[in-house]
Amino acid sequence: MATPLDPHAAIATEATGLRDGALTTADGQPLGRALARASRRARRRAFLLVLPLLAFILITFILPIGQMLYRSVYNDGFSANMPAISAWFAEHPAGTDPDEGAFAALAADLQTSAEDKTIGVVGTRINYALPGTRSLFTSTGRKVRSGIEPPYQAALLDLDPKWGDPQLWAAMRDASSAYTDSFYLASVDAKRNVGGEIERAAPRQRVYVMLFLRTLWLSALVTGLTFLLGFPIAHLLATLPLRKSNLLMILVLLPFWTSLLVRTSAWMVLLQQQGVVNDILIWAGVIDNGGRLKMMYNQTGTIIAMTHILLPFMILPLYSVMRTINPSYVRAARSLGATSWTAFRRIYFPQTLPGLGAGALLVFILAVGYYITPALVGGASGQLISNMIAEHMTGTLNWSMAAALAAILLAGVLILYWVYDRLVGIDNLKLG
Amino acid sequence: MTTTTRGDGYVVFDHVQKSYDGQSLVVKDLNLSIGQGEFLTMLGPSGSGKTTCLMMLAGFETATSGRILLDGRNINDVPPHSRGIGMVFQNYALFPHMTVGENLAFPLEVRGIGKAEREDRIRRALDMVQMGAFANRRPAQLSGGQQQRIALARALVFDPKLVLMDEPLGALDKQLREHMQFEIKALHERLGVTVVYVTHDQGEALTMSDRIAVFNDGRIQQLAVPAALYERPENSFVAGFIGENNALGGTIAALEGDKAQVRLTNGEMIDATAVNVREVGQPTTVSIRPERIEFKPEMMPEGAHTLPAEVLDVVYMGDILRARLKVAGQDDFVMKFRNTLGQTRLTPGEQIRVGWHPQDARALDPV
């Protein structure tokens with residue numbers, strides 16, 4: 001790709017621009033075919049060498065993730081166990097009021113489902129859309145199992161008047177098809193109303209968009225902070241004599257070799273209200289005992305700890321690029337009349353952009369998916385979208401919702417990657 | 001050490017010393033005056049202090065003591081960007097993220113020169129180095145020689161009075177290097193700028209310079225015009241560093257004015273010109289250029305001492321023949337003679353007698 005930052009691009013295109021005409025080998029074969037045959041053996045060997053890794057990645061990574069993402073659009077918890085009512089929904093368009101036939105189908109499904117002990121799964125599926133409805137299904141199921149007489153509409157409403165709730169019927173209609181967009185809608189704080197139209201979720205339930213925005217904003221902030229802190233260190237590393245720079249490099253890498261949990265816990269020790277930083281500030285007289293700063297269990301804690309943990313990912317690519325910048329460029333700029341600031345701004349800094357781009361992309365992508373640190377030091381205001389995904393995976397067990405949130409996050413990162421590629425060019429990344 | 005002052009002293013090093021570690025001096029008491037419009041080359045082996053001197057002049061290193069004057073002004077405390085000195089670097093240092101045109105515009109932009117004049121000057125500078133068609137290329141798309149020209153144009157585009165060049169041709173192949181030597185020399189003569197040129201290539205120094213300062217061990221060993229440097233080296237280092245040289249060890253047997261007789265280690269006597277020897281009995285090294293040695297009796301100067309020599313081998317080098325001889329017990333004595341029609345062919349093992357004009361044998365300090 002030809003970008004302003006790639007001086008080799010034009011040469012490369014010139015070289016590949018040579019048209020291969022109708023060249024043949026000495027014995028008259030087309031040159032292209034002869035070449036393909038000659039290199040086939042080498043290609044096959046190379047493929048066989050990477051095959052184990054390929055299989056490993058396919059089985060342990062691609063397939064599970066694919067299956068997981070599939071859950072975000074597919075959930076047959078309701079449709080598989082409630083076939084009769086699902087069929088009724090399929091026959092009648094959205095907005096049709098449930099008639100006696102619908103209630104009859106519902107009662108029949110509830111009865112079989114209760115007998116098969118799948119009524120819990122059904123209730124859970126509807127519970128995703130309408131919190132508090134799981135018990136409605138299980139308790140009605142129990143009663144229906146012991147016998148129910150027509151007319152079913154009156155009987156069911158008699159058992160629990162909630163069965164007449166149009167919201168419930170909308171939720172069931174939504175779940176009556178195994179393939180659904182409701183999890184994606186929920187991920188962006190939207191849902192389908194009774195008439196089947198998309199509308200915003202109730203104000204109290206709007207959390208995901210806010211969490212996505214907070215995740216993006218905090219990631220951008222952490223990226224900016226790692227740049228501000230990392231740039232001078234990387235420059236120092238690249239310009240110091242080897243002995244000193246090696247020592248400094250060890251200091252940079254030391255956190256890298258320490259467990260993430262240990263580092264996060266260390267920040268908890270430092271930042272808590274009875275912690276080291278507050279104690280020192282009180283000792284120094286900056287704050288008094290009553291005014292201890294809250295630096296943890298909020299966004300501040302998340303920002304501080306994540307900046308520290310992600311700093312090496314910014315420093316290392318920057319360093320690897322800065323090391324290759326010959327000091328004579330800045331000298332040349334100075335001799336040509338530029339002040340040190342101009343020489344930095346116009347000559348040195350632009351040449352560090354490939355490293356800066358790599359570092360920023362790396363830090364941002366890591367930050368967007370960060371989980372442990374916000375979970376430990378974030379409190380309520382420092383939680384990120386990944387904490388919500390984890391909550392759905394291990395807490396509410398709504399895996400479809402977790403998958404939908406994760407898919408949106410993944411798509412966001414890929415879009416970012418694409419934008420970066422358009423702006424800077426992925427081939428300009430220098431990761432080390 | 002010689003410090004000939006010539007011209008008006010446009011650039012003056014006044015008792016300049018430089019130390020990096022506070023324990024040893026890299027530049028020891030440098031005194032040098034460079035005239036306006038002069039092409040002065042600092043020549044010496046690596047570590048001789050020549051590049052340090054250039055960097056002090058450019059402002060990238062500070063003199064530990066002493067003064068550096070530019071056009072009569074002390075520039076010790078002037079930062080590099082205010083010195084107005086053009087510089088060509090060994091690796092060219094063309095900004096890789098800018099086109100050739102932008103590279104040339106850089107020194108003009110930081111000087112606040114308007115766009116129209118900038119473009120005019122860039123065009124003239126590029127035409128000057130015959131690179132007018134390359135303004136939109138990037139440095140990486142140019143060959144070494146082309147980059148060299150652009151670096152030259154960039155150092156000249158803001159009309160500096162003084163241009164420094166730090167081994168600018170070191171990365172080029174031999175043919176291109178020789179071509180660029182002539183181009184740089186021609187540009188120097190056309191523009192009349194003062195050039196301080198650093199190299200370790202004596203051929204380059206001899207071809208291009210008005211004067212050459214030979215550096216060794218932090219000192220100027222000799223400062224002279226190229227011919228004088230080659231033909232009349234003042235000490236053994238210069239004799240050995242510039243061109244090929246035969247060195248015969250001995251002691252001064254007789255001394256009269258600048259005429260000396262030297263007794264070689266094997267007892268033979270030869271005539272020589274006394275250069276930096278003072279008294280009879282002093283050890284000395286006699287330096288003789290290989291091309292000034294004669295072996296045909298009819299070509300020997302009147303009354304010259306001759307020495308017996310044994311031909312060890314003869315190398316055919318095209319325009320000349322190079323014979324290695326065993327003379328006065330040394331078997332690294334080299335004689336060069338022209339490959340002319342009817343030239344006597346020597347064969348290994350042949351016994352001959354060699355001689356030279358006493359002027360060409362210079363009695364210098366012992367090695």
Side-chain angles (χ1 to χ4, degrees), chain A residues 1-17 239-244 318 320-358 423-425 427-430, chain B residues 20 51 54-55 57-61 78-100 102-113 136-143 147 150-151 153-160 162-168:
Chain A
M1 164 181 304
T3 59
L5 276 173
D6 186 4
H8 307 288
I11 295 175
T13 33
E14 270 169 35
T16 51
T239 48
L240 274 182
L242 200 62
R243 252 166 52 95
K244 285 180 189 162
L318 270 177
S320 83
V321 168
M322 285 178 177
R323 211 182 32 182
T324 63
I325 299 175
N326 195 316
S328 68
Y329 290 130
V330 171
R331 284 187 164 184
R334 300 271 280 139
S335 81
L336 292 171
T339 60
S340 11
W341 166 242
T342 309
F344 170 80
R345 190 173 54 84
R346 302 246 348 241
I347 304 304
Y348 190 77
F349 184 71
Q351 293 188 62
T352 65
L353 279 180
L356 179 58
L423 290 180
V424 188
D427 40 356
N428 278 315
L429 276 186
K430 289 251 172 64
Chain B
Y20 285 109
T51 300
L54 195 75
M55 289 300 165
L57 184 51
F60 300 127
E61 300 286 355
V78 178
H81 68 269
S82 312
R83 293 191 180 192
I85 299 174
M87 186 151 177
V88 181
F89 290 81
Q90 191 170 8
N91 62 352
Y92 319 135
L94 295 177
F95 307 136
H97 58 295
M98 295 181 178
T99 63
V100 164
E102 288 164 347
N103 261 285
L104 263 69
F106 185 80
L108 305 176
E109 276 170 25
V110 298
R111 283 176 172 74
I113 291 172
N136 293 319
R137 300 278 191 98
R138 282 182 187 275
Q141 294 168 252
L142 303 179
S143 70
Q147 291 187 36
I150 299 303
R154 190 180 64 175
L156 292 168
V157 72
F158 59 98
D159 294 334
L162 172 64
V163 175
L164 312 182
M165 302 192 189
D166 183 15
E167 308 211 13

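For clarity, every value in this text was computed on a predicted model and none was experimentally measured. So that the names make sense, note that chain A is the first sequence line, chain B the second, and so on, each numbered from 1.
Annotation: side chain of B:Val110 is not in contact with side chain of A:Leu336 (no heavy-atom distance under 4.5 Å). Within the 4.5 Å cutoff, no side-chain heavy atoms of B:Phe95 are placed close to those of A:Pro350.
For a residue to count as touching a neighbouring chain, one of its non-hydrogen atoms must lie under 4.5 Å from one of that chain's; by this rule B:Gln90 does not touch chain A. Neither the backbone nor the side chain of B:Arg83 comes within less than 4.5 Å of any heavy atom in chain A. With a 4.5 Å cut-off on non-hydrogen atoms, B:Leu108 does not touch chain A at all.
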Assess whether side-chain contact (heavy atoms from CB on, under 4.5 Å) is satisfied between B:Phe89 and A:Ser335, documenting all intermediate values. CA-CA 10 Å; B:Phe89 290 81; A:Ser335 81; 4.2 Å; yes
Residue pair A:Ile347, B:Phe106: steps toward the side-chain contact (heavy atoms from CB on, under 4.5 Å) verdict: CA-CA 10 Å; A:Ile347 304 304; B:Phe106 185 80; 3.8 Å; yes
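Every side-chain contact (heavy atoms from CB on, under 4.5 Å) that A:Arg323 has, sequence neighbours left out, goes to A:Tyr319. Remark: B:Phe60 engages no residue in a ring pair (Phe, Tyr, Trp, His ring centres under 6.0 Å) (not counting sequence neighbours).
Here the CZ atom belonging to A:Arg331 is positioned 7.5 Å from the CE atom belonging to B:Met87, to the nearest 0.5 angstrom. To the nearest 0.5 angstrom, A:Tyr348 atom OH is 12.5 Å from B:His97 atom NE2. In this structure, the separation between CD1 on B:Ile85 and CZ on A:Arg334 is 12.5 Å, given to the nearest 0.5 Å. Note: B:His81 NE2 to A:Thr342 OG1 = 8.0 Å, rounded to the nearest 0.5 Å.
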